[in-house]
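Right, one structure below, let's go through it.
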Amino acid sequence: MKAAMTVLALMALTAAASGEFATGGSDLFSFSGYNNFRFAVWGRDGHDPGNGFDFYNRTTWSPGVSETLSAVISFDTRFGFTSWDSVTSTYLSDDYTLKLVEAYGTISFTPEISLSGGRFKLPFGFGYNRPGSSMPYYDRVIAVSAPIFAMFGGKDLGVMVSTDFGPVAVDLAYTNGTDSHADTTVSKQFTARLSARPSEWIALGGAVAIIGQPEMETIDSWSASGLDFYAYGDYPIASGLTVNYEGEYLVLPWPGPALDNMVNEGGGDYNFSLACTRDVELGILTAVQPAVRYEILSPPEQVVSGDPVPETDMSALDFCLNLHTGEMNTVQIGGRNYSYENGDDGHTDIYVNWRMLF
């Protein structure tokens, strides 16, 4: 009952606050976000529960003090989620209410140049940074949940300079290197992203995340650079018919020093998504969008010289039918199939989700 009341309160708050409340020329109460109401059937043997409902909310407050000063504060809320605990070998609750995601302020020197400071998403990983409110699937790519991705991407505390000169944009971030687990207490992380839109139907980008550790009394120095290349776009092929595509390639090296008699094997991830949106006029149904995405994740490994590299690759095949009822609501019927290189049994999860924007 307490969880249900909290959900209702969140929905009422976000519904009432959606839009903007202007005071003295400033937008102090500008809220946005989305809710996911999902029923899932889990395919993994022993998953507890085997099926059930869950709820996810992302709420973002974007107060604007003036044309020069603004801020972003966002929160996540989850109910009905579980995660595997390897220590107890059981599924434990993974719920939380109003967990902080981002909190940063921005000074805009000109419409093209700005400086942000606080806790923000690092400009690395298209699959991590792309808006969740418009994904043609329930889940993000599996790479962003892998421990190795948190060494280069994720969220961190620091400063970021952003420039946007029409078709080309640049983001440069200097951060603690701790929130994303990219480092220790000494060395910081530098992240840079270059993105461009040469045409209305395609956007391209590349990013680098440099992490490492300076030499200390008992620790050898090391450095590693993660790389990210991506492209996405919407290509109209006929009136009311559009092809939507996304592709990404990540280079994820071993995040540690080179040791004697050991070999650092690099890893990576690539994924490609293809969808097709057809506008329709069928009552409340305004568009139909089938989508499919394929991904292979190869974690980096540190192995003894001469030993074979462990078979730790995994792949995921996502499929989803999106039924759009206007711009603010989508019903998703889909699933994800997991496969493992080491021969472990694969499984398929199936879901029905209602995504509601506000």
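No side-chain heavy atom of Val303 sits under 4.5 Å from any side-chain heavy atom of Met262. Counting heavy atoms from C-beta on, the side chains of Tyr104 and Glu102 come closer than 4.5 Å. Between Ser315 and Ser339, some side-chain heavy-atom pair lies under the 4.5 Å cut-off. Between Leu172 and Met160, every side-chain heavy-atom pair lies at or beyond the 4.5 Å cut-off. Tyr338 has its side chain within reach of Ile142: a pair of non-hydrogen atoms, C-beta onward, lies under 4.5 Å apart. Looking at heavy atoms from C-beta onward, Leu317 lies in side-chain contact with Val292 at the 4.5 angstrom threshold. By the 4.5 Å heavy-atom criterion applied to side chains, Trp222 and Pro255 are counted as neighbours. At a threshold of 4.5 Å between non-hydrogen side-chain atoms, the residues Phe79 and Asp94 do not count as touching.
Listed by first and then second residue, the salt bridge (Lys or Arg N to Asp or Glu O under 4.0 Å) pairs that reach into residues 44-69 are Arg38-Asp54, Arg58-Asp76, sequence neighbours excluded. Residue pairs satisfying the salt bridge (Lys or Arg N to Asp or Glu O under 4.0 Å) criterion with at least one member in residues 267-295, sequence neighbours excluded, are listed as follows: Arg293-Asp318.
Counting all heavy atoms, side chain and backbone alike, Val208 lies closest to Ser225 at CG2-CB, 4.2 Å. Residues Tyr137 and Arg355 approach most closely at O-NH1, 4.3 Å, considering heavy atoms.
The closest side-chain donor-acceptor pair between Asn353 and Gln332 falls under 3.5 angstrom. Between Asn57 and Thr59, the side chains place a donor N or O and an acceptor N or O closer than 3.5 Å (distance only, hydrogens not considered). Thr77 and Thr97 share no side-chain donor-acceptor pair at under 3.5 Å. For the residue pair Thr191/Gln189, the side-chain donor-acceptor check at 3.5 Å is satisfied. With 3.5 Å as the limit, one finds no donor-acceptor pair spanning the side chains of His324 and Thr286. Counted by atom type alone, Gln289 and Asn244 present one or more donor-acceptor pairs between their side chains at under 3.5 Å.
A tilted orientation is assigned to the rings of Tyr351 and Tyr138, their planes being inclined by 30° to 60°. The aromatic rings of His47 and Tyr91 lie tilted to each other, with the angle between the two planes from 30° to 60°.
A ring pair (Phe, Tyr, Trp, His ring centres under 6.0 Å) with Trp354 holds for exactly one of Tyr56, Phe37, Phe39, Phe55; it is Phe37. Of the options Ile202, Thr242, Thr277, a side chain to side chain contact (heavy atoms under 4.5 Å, CB included) to Asp234 is made by Thr242 and by none of the others.
Taking the six-membered ring for Trp, Phe149 and Tyr128 have ring centres closer than 6.0 Å. Taking the centre of each ring, Phe272 and Tyr294 stay at or above the 6.0 Å mark.
We find that Asp156 and Arg119 are not joined by a salt bridge, their nearest charged nitrogen and carboxylate oxygen being 4.0 Å or further apart. Ion pair Arg193/Asp171 flagged as a salt bridge, since at least one NZ, NE, NH1 or NH2 atom sits closer than 4.0 Å to an Asp/Glu carboxylate oxygen.
By the 6.0 Å contact criterion, CG on Asn261 is open, its count of non-hydrogen atoms from other residues, nucleotides or ligands being 12 or less. The environment of CD1 in Ile284 is sparse: at most 12 heavy-atom neighbours from other residues, nucleotides or ligands sit within 6.0 Å.
A single hydrophobic cluster is seen to contain both Val331 and Leu321, as judged by linkage of ILVMFWY side chains at heavy-atom distances under 4.5 Å, directly or through other members.
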